[in-house]
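Let me begin by presenting the structure, written as structure tokens, before commenting on it.
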Amino acid sequence: MTIDTAPAVLTRVFFARQAPQVARDLVGMILYRRDADVAARIVEVEAYTHDDPASHAYAGPTARNAPMWGPAGHAYVYRSYGMHWCFNVSTGTDGVGQGCLIRAAQPLRGHAWMRARRPVERDVDLLRGPARLCQAFGIVGSMSGSDLCSDGVLHFRDDGVRPDVVEGPRVGVTRAADWPRRYYVAGSRWVSPYRRSPRAPSP
DNA sequence: CTACCGATGCGCT
DNA sequence: GCGCATCGGTAGC
């Protein structure tokens, strides 16, 4: 069985649900870059809705967050701290600002391709963190708005793997720091280390 | 392992 | 101008 043929490609119906539910279900799915035959098992996802003070959609639609407000299953890529890229998939219905941040994954195929873009000693450092994942997968700002449910470069696949998923507070956010909107594989070494924002109010 | 710090560009008030 | 949905290096335990 190859990753490219057997597993089902996730359709728009999968993403047209509430972000927290999509985030939970995305854990265990495969992120696939078709033009490079690069694949990874998603192990950590965070959900962001428009009523969430930590969300880029909180202040309403803007040029930057437009993909979050459009139809589900599109990429929202933003620049973080002036130097990194982070990758979301839009969820919910058209006109509602939602998305899921892909935070970490386990490399499955294309290790050499990823290492060419992100030279690290250990596999565990390739995709552990949202900006690291984008660097290794070659995800950049020009891909923001692209359709992830068509024949484009990026899409998601389901090969039936269903890990045990747990939820907890998100990493690095200053507002709504205790909302349980982070979904990940319990005990997995591929998950990024939890780090509360030093600017977040005490719990 | 945890804690801290600086880099760095821009979206938004 | 302010404030980051981060990361890599260094210091210390």
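Residue numbers begin at 1 in each chain, while the letters A, B, ... track the order of the sequences.
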Consider the side chain of [X], meaning its heavy atoms from C-beta on, and name the nucleotide among [options] that approaches it most closely.
| X | options | answer |
| --- | --- | --- |
| A/V171 | C/dC4, B/dT13, C/dT6 | C/dT6 |
| A/R64 | C/dA5, C/dG3, B/dC12 | B/dC12 |
| A/Y78 | C/dC4, B/dC10, C/dA5 | C/dA5 |
| A/M83 | B/dT13, B/dA7, C/dG8 | B/dA7 |

Exercise. Just one of A/V140, A/N88, A/I139 clears the side-chain contact (heavy atoms from CB on, under 4.5 Å) bar with A/V77, so which one?
Worked result: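 So, applying the side-chain contact (heavy atoms from CB on, under 4.5 Å) to A/V77 and each of A/V140, A/N88, A/I139, only A/I139 qualifies.
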Exercise. Does A/R118 or A/T174 map to a spot on DNA chain C nearer the 5' end, using the closest nucleotide for each?
Worked result: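 Closer to the 5' end of DNA chain C: A/T174.
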For this session: Would you mind telling me which residue lines up with the more 5' stretch of DNA chain C, A/A54 or A/V120, judged by nearest nucleotide?
Result: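 Taking each residue's closest nucleotide, the earlier one in sequence belongs to A/A54.
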For this session: Check the geometry between A/Y81 and C/dC4 and answer yes if their rings are stacked (centres below 5.5 Å, planes below 30°), otherwise no.
Result: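 Yes; by the centre-distance and plane-angle rule, A/Y81 counts as stacking on C/dC4.
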Exercise. Planes under 30° and centres closer than 5.5 Å, is that true for A/Y48 with the base of C/dA5?
Worked result: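 Here A/Y48 meets both the 5.5 Å and the 30° conditions.
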Side-chain N,O ([X]) to OP1/OP2 ([N]) below 4.0 Å:
| X | N | answer |
| --- | --- | --- |
| A/R199 | C/dC4 | yes |
| A/R103 | C/dT6 | yes |
| A/H56 | C/dA5 | yes |

NA contact type, [X], heavy-atom cut-off 4.0 Å: base, sugar-phosphate, or nothing?
| X | value |
| --- | --- |
| A/A131 | sugar-phosphate |
| A/T62 | sugar-phosphate |
| A/R132 | sugar-phosphate |

Would you kindly give the [atom1]-to-[atom2] distance between [X] and [N], to the nearest whole Å?
| X | N | atom1 | atom2 | answer |
| --- | --- | --- | --- | --- |
| A/W85 | C/dC7 | CH2 | C1' | 16 Å |
| A/R170 | C/dT6 | CZ | C1' | 16 Å |
| A/H84 | B/dC10 | NE2 | C1' | 14 Å |
| A/R128 | C/dG8 | CZ | C1' | 13 Å |
| A/D52 | C/dC4 | CG | P | 14 Å |
| A/R196 | B/dT2 | CZ | P | 16 Å |
| A/E121 | C/dG9 | CD | P | 10 Å |
| A/R195 | B/dC5 | CZ | P | 14 Å |

Exercise. Given the rule in the salt bridge (charged side-chain N to carboxylate O under 4.0 Å, His left out) test, do A/D52 and A/R175 qualify, once you have shown the distances and angles that lead to the verdict?
Worked result: CA-CA 9 Å; A/D52 175 357; A/R175 296 179 294 179; over 6 Å; no
Exercise. Where does DNA chain B pair, written as one dot-bracket string 5' to 3', with Watson-Crick or G-U pairs under 3.5 Å, ( ) inside the strand, [ ] for crossing pairs and | for another strand?
Worked result: |||||||.||||.
Problem set entry | Ion pair check, A/E167 and A/R24, cut-off under 4.0 Å |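 Looking at A/R24 together with A/E167, the answer is yes, because their closest N to O distance falls below 4.0 Å.
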Problem set entry | Parallel, tilted or perpendicular: rings of A/H56 and A/Y76 (30°, 60°) |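 Plane angle over 60°, so perpendicular.
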For this session: Over 60° means perpendicular and under 30° means parallel, so classify the ring planes of A/H50 and A/W69, tilted if in between.
Result: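 Ring orientation, 0 to 90° scale: tilted.
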Exercise. Only one of A/R170, A/R189, A/R182 clears salt bridge (Lys or Arg N to Asp or Glu O under 4.0 Å) with A/E44; which?
Worked result: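 That would be A/R182; it is the only one of A/R170, A/R189, A/R182 passing the salt bridge (Lys or Arg N to Asp or Glu O under 4.0 Å) with A/E44.
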Problem set entry | Distance, nearest 0.5 Å, that separates OG of A/S144 from CE of A/M68 |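 Between A/S144 OG and A/M68 CE, I get 10.5 Å after rounding to 0.5 Å.
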Exercise. Is the number of heavy atoms from other residues, nucleotides or ligands under 6.0 Å of A/D164 CG greater than 12?
Worked result: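 Count not over threshold, so no.
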